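Model, not experiment: these values are computed from the prediction. Counting starts at 1 for both ligands and their atoms, following the listed order.
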Amino acid sequence: MCGIVGYVGDRQAAEFLLDGLSKLEYRGYDSAGIAVYENGKIRIEKSVGRLAALREQIKGRMPVGSLGIGHTRWATHGRPSDVNAHPHADCHGDFAVVHNGIIENYLSLKEDLIAKGHEFKSETDTEVVAHLLEEVYAGDFVAAVREVLRRIEGSYALAFMSKEHPDMLICTKQDNPLIIGLGEGENFIASDIPAIISRTRRTYILGDGELAVVRKDGIQVTDRAGQLVTKKVFEVTWNAEAAEKGGYEHFMLKEIHEQPKAVRDTMSQRITNDKKAISFEELAWNADYLNSFNKIYIVACGTAYHAGLVGKYYIEKLARVLVEVDVASEFRYRDPIVDGSTLLIVVSQSGETSDTLAALKESKRRGAKTLAITNVVGSSIAREADQVVYTWAGPEIAVASTKAYTTQLVLFFMLALYMAEIKGAILPARTAELVTQLQEIPSQVSEILSDVEPIKTFAKQYGFNEDVFYIGRGLDYSVSLEGALKLKEISYIHAEAYAAGELKHGTLALIVEGVPVIALATQRNVYEKTLSNIKEVKARDAVVIGIAAEGDTELQKYVDHVIYVPATDEFIMPILSVIPLQLLSYYAAITRGCDVDKPRNLAKSVTVE
Ligand code: M6R
């Protein structure tokens, strides 16, 4: 996720660009840049770090000109650095481009362009767009952009400027947001409404495949075929703060709703072209490498640790390698048995968690090979690990982790499949079947999110005032742990998760009339066993809300309510069954009037011990 802005009019472009970017930093903040048409040239200023660093860089020498584009970055291809920051230009500085998304075929395009003599400065996928534009340009800016769009694959919101056309910007989008703000004698481009709301409330929301030519006195929108599109003006009625949250009341809810896209982006480029297998180009593992390990450790904290528990299940079950999972604060001090035949996988949304980083350093010192799963390119953990695979969830602002968790599960599942393929532990037909199911996840998550009313009602109805228990077996148990943590951290309600079979070894004593129990029953191999445990708590008059796959007609006979999620392969169920748990926590916290995005005593990134 990145933020894009553009300006064309009579005022100073840089002022709007910087102001607009400051409202989009929630979309990315590892580097920022602007390009302004100044004295017959495109002047680009960019800097690693937050927008403040860019402001400092151009203090007293602001670009002067009334046409420009800007960008605040959340790195995907290439670490955060001055050169990797956007805008990107072609060889001669004739074009500048800003991009949000991923150009999936950039490597092959880059090779072609290099062979034709283009010189690249950055490691980004975006720079190919600028060079491609230079390559195909023959005097018609719009035609050249259209040709570029024909050649690139992937997701994007793009804004272009050309030295030869100082009166216009071009922008277009596919699977990433882009809006045009309509002013008087000036127009604006932005990834999101907060960037323009101080200048105008009248907007066009660009659709996929639409291309807009934006001049100060007019906007022409055409579709993929070049046909004129008549856009309806969308009048923004929210205030600036609400706009930043995309109309959602809290970042947490917004991030819950971003999960279909986050999951899709995380899968992108890791499924082979024939859609039958998994490939991690960034790892390039082989059987010798995998066979050199006799054990894998997964080490993390909090939600990331819970993702690790699911990861263990996936890797052991699919790739048949022994996996131990540990919380980083324990692992680092317990003299772990780690050596050259250990693979250590650390998981961290922020990539900055101090205990996880320390565990990583300690394991490296003992000779382990290390792999990081993180959401932040260029973070300390990403830099320290031997190898890294990124979750492409985009910035997570709410303290409670949601989309980072689901993307971590997706990544673990893909990693386990990848390992199983390499080790020959899985039949290709079974992999293909699972890859097919994997690709269904975004639409299945959207389906769950399309009707949250029953979940809202449960959260209100039961109030969840004192103790809530979460139970499940196997993967359902791992998800229960995450559900309980979510409830605790944002609603301050005491919640505990138990392996359902453990109840009778003590905790059953706490189950009395009216105690809420959330029972997950999505795993067929332990289904009957879980059902017995549910009957045990029901017999003590607990109020039981079951989570089950659509088509399950049994569970409803034994519980008070069932929340159904789409049916899929049991491996994939955790990625779906956690969504109602996130929503339950969210609405319970709302009911209790808690500060959802900034819960008491907690910080987003725990960089101290
Ligand atoms: O950035 P990390 O994933 O390393 O953070 C780890 C935990 O601090 C984090 O998951 C925490 O548990 C979340 N607040 C849970 O929602």
Side-chain angles (χ1 to χ4, degrees), residues 29-30 74 250-256 258-259 262 266 298-311 325-332 344-361 370-385 388-412 470 478-493 495 497 578-579 581-586 588-589 594-609:
Y29 46 76
D30 62 40
W74 182 258
H250 296 97
F251 278 111
M252 182 182 174
L253 190 60
K254 177 170 179 275
E255 286 158 10
I256 288 174
E258 279 169 359
Q259 288 178 111
T266 300
I298 299 176
V299 176
C301 302
T303 289
Y305 165 73
H306 294 155
L309 294 173
V310 176
V325 192
D326 210 347
V327 286
S329 54
E330 288 296 313
F331 178 89
R332 63 183 286 196
L344 179 97
I345 304 180
V346 284
V347 192
S348 173
Q349 186 284 129
S350 62
E352 300 297 344
T353 301
S354 121
D355 283 322
T356 312
L357 183 59
L360 171 61
K361 286 183 176 166
T370 58
L371 167 70
I373 295 180
T374 181
N375 195 36
V376 183
V377 175
S379 55
S380 305
I381 286 174
R383 282 183 275 120
E384 187 69 32
V388 51
V389 283
Y390 291 106
T391 48
W392 299 131
E396 199 179 58
I397 309 284
V399 165
S401 185
T402 53
K403 60 179 180 170
Y405 175 76
T406 41
T407 54
Q408 282 159 2
L409 297 200
V410 167
L411 214 51
F412 264 125
Y470 289 71
S478 304
V479 178
S480 299
L481 287 162
E482 175 56 10
L485 176 64
K486 261 333 50 111
L487 191 69
K488 278 184 270 205
E489 69 179 326
I490 59 165
S491 73
Y492 320 143
I493 298 166
V578 75
I579 313 279
L581 304 188
Q582 296 170 343
L583 290 164
L584 265 177
S585 309
Y586 175 78
C594 301
D595 185 350
V596 173
D597 285 336
K598 293 196 180 79
R600 70 185 179 206
N601 308 338
L602 300 177
K604 182 64 185 162
S605 187
V606 186
T607 52
V608 289
E609 240 192 302

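Closest to atom 9 (C) of ligand 1, if we only count protein heavy atoms, is T303 N, 4.1 Å. Distance from atom 3 (O) of ligand 1 to its nearest protein heavy atom, with residue and atom name: Q349 N, 2.6 Å. Protein heavy atom nearest atom 7 (C) of ligand 1, with residue, atom name and distance: C301 O, 3.6 Å. Nearest non-hydrogen protein atom to atom 8 (O) of ligand 1 is V606 CG2, 4.1 Å. S350 OG, 2.6 Å is the protein heavy atom nearest to atom 1 (O) of ligand 1.
For S329, the side-chain contact (heavy atoms from CB on, under 4.5 Å) criterion is met by V327, D355, not counting sequence neighbours.
Judged by distance alone, the side chain of D326 and the main-chain N or O of I298 form no donor-acceptor pair under 3.5 Å.
Distances between N or O atoms of Q408 and those of ligand 1 include no value under 3.5 Å. For a threshold of 3.5 Å applied to N or O pairs, the pair formed by T353 and ligand 1 contains at least one separation below that value.
The shortest heavy-atom contact between T374 and S348 is OG1-O, 2.7 Å.
By the criterion of a heavy-atom distance under 4.0 Å, the side chain of E489, and not its backbone, is placed next to ligand 1.
Proximity to A304 (heavy-atom distance under 4.0 Å) selects the following atoms of ligand 1: 3 (O), 10 (O). Set against the non-hydrogen atoms of A400, the atoms of ligand 1 under 4.0 Å away are 16 (O).
Note on ligand 1: V399 sits in its first shell, one or more heavy atoms being nearer than 4.0 Å. Contact analysis puts K486 in contact with ligand 1, with a non-hydrogen atom separation below 4.0 angstrom.
Under a 4.0 Å N-O distance rule, the pair K403/E258 qualifies as a salt bridge.
If you check the side chains of K486 and T402, you find no donor sitting under 3.5 Å from an acceptor. A side-chain N or O of Q582 and one of Q259 form a donor-acceptor pair less than 3.5 Å apart. Side-chain contact check for S380 and E352: at least one donor-acceptor pair (N or O, by modelled atom type) lies under 3.5 Å. For the residue pair Q349 and S401, no side-chain donor N or O sits within less than 3.5 Å of a side-chain acceptor on the partner.
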